[in-house]
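First up is the structure itself, then whatever we jot down about it.
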Amino acid sequence: MTSRSDADGLIEDLVTDLRPVRRLAPPWLRAAGWLLVVLAAAAVLSRFGDLHALVRRLAAEIDMQMALAGSTVTAVLATLAAFQLSLPDRSRAWALLPLPTAALWLGSSGMGCLDMWLQPGMAIGTISGAADDCMMLVVGISLPLSILLFLMLRRARPLRPGLVAGMGGLAAAAAAASLLWIVHPFETAASAVAVHVVAVLIVIGLARVAGSRALGG
């Protein structure tokens, strides 16, 4: 009887201060919340860009259309994949979801790069300087987006923080690349696939290192 009483007392002590756990919203809904922030950023940046000129340029060059579509859809799919992978019962196959559109994005950017190199009178220094600006902007815009995304993902306490962080980094880099079109000179917006690849790898690498720790890895 004493043993049973002790056990009951221990159980009572353990449950006294327990509070109900608030369930997470569905992954698609949490992903939509982050993407709404990206849309808000696009609305703010649009006040500083020439949208009419961007529309005219997109209408004239198919590779730029594909690059913008690829980066935008990659941001959406990578965000959804990150939130799905943050749950313990989700398959690793979610990580494959954004890869086709990422290939479209980077491949189309490569077409823009080739077009630039073939333009008569295009100076190497001009391309190099624009590429540096492009890389800095992609990495810079990705940083606050990544921090917000990791704060949202952290609530799920993912069991695979490295994979989740890497997917989150891809989402942030793709979103930053799409936002870049609004404020970056149009002649180099679709430039240099190497620059885009390096920028994306930097963001994903930083995400896996910092994000893994932030997410509990």
Side-chain angles (χ1 to χ4, degrees), residues 30-51 54 57-58 63-83 95 97-113 129-153 164-212 214-215:
R30 290 186 289 140
W34 185 80
L35 291 170
L36 283 176
V37 174
V38 176
L39 284 177
V44 172
L45 291 175
S46 65
R47 299 177 63 88
F48 303 95
D50 189 343
L51 296 184
L54 174 59
R57 190 66 186 266
L58 287 172
D63 59 295
M64 296 181 71
Q65 296 177 30
M66 292 191 296
L68 178 57
S71 62
T72 302
V73 178
T74 296
V76 174
L77 297 181
T79 304
L80 178 59
F83 280 103
L97 184 64
L99 296 188
T101 53
L104 173 65
W105 161 31
L106 297 175
S108 301
S109 298
M111 293 171 58
C113 174
D132 291 342
D133 292 341
C134 175
M135 182 181 298
M136 292 298 295
L137 284 169
V138 170
V139 175
I141 296 174
S142 297
L143 181 59
L145 294 178
S146 298
I147 292 174
L148 174 60
L149 184 57
F150 292 152
L151 289 175
M152 296 175 68
L153 289 167
V164 174
M167 196 58 50
L170 176 59
S178 295
L179 294 174
L180 183 64
W181 289 75
I182 301 174
V183 295
H184 201 267
F186 302 149
E187 287 78 4
T188 56
S191 66
V193 64
V195 172
H196 276 128
V197 170
V198 171
V200 171
L201 291 178
I202 289 174
V203 172
I204 294 177
L206 290 175
R208 284 188 64 89
V209 174
S212 295
L215 295 176

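Any value given below was found using the heavy atoms of this structure, including those in side chains, with hydrogens, waters and symmetry copies removed. Everything numeric here is computed off the predicted structure, so don't read it as measured data.
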Nearest-0.5 Å distance, CG of residue Leu97 to CG of residue Leu80: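 It is 6.0 Å, given to the nearest 0.5 Å.
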
Would you give the length of the straight line joining atom OG of Ser178 to atom CG of Leu45, rounded to the nearest 0.5 angstrom?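 Nearest 0.5 Å value for the OG-CG distance: 11.5 Å.
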
If every non-hydrogen atom of [X] is compared with every non-hydrogen atom of [Y], which pair is closest and at what distance?
X      : Y      : result
Thr74  : Ala174 : CG2-CB, 3.8 Å
Thr79  : Ala171 : OG1-CB, 3.4 Å
Ala177 : Ser71  : CB-CB, 4.2 Å
Met152 : Arg30  : CE-O, 3.3 Å
Pro98  : Ala81  : CD-CB, 4.4 Å
Val164 : Ala82  : CG1-O, 3.8 Å

Mind checking what makes side chain to side chain contact (heavy atoms under 4.5 Å, CB included) contact with Leu99, not counting sequence neighbours?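 For Leu99 the side chain to side chain contact (heavy atoms under 4.5 Å, CB included) partners, ignoring immediate neighbours, are Leu96.
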
Ala173: partners by side chain to side chain contact (heavy atoms under 4.5 Å, CB included), with sequence neighbours left out: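 Partners of Ala173 under the side chain to side chain contact (heavy atoms under 4.5 Å, CB included) test: Ser142, Val200, Val203.
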
Quick one: does [X]'s side chain get under 4.5 Å of [Y]'s, heavy atoms only?
X      : Y      : value
Pro144 : Ile141 : no
Met66  : Trp105 : no
Trp181 : Thr72  : no
Met167 : Leu170 : yes

Flag, side chain of Trp34 to backbone of Leu145, donor-acceptor distance under 3.5 Å: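 Answer holds: yes.
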
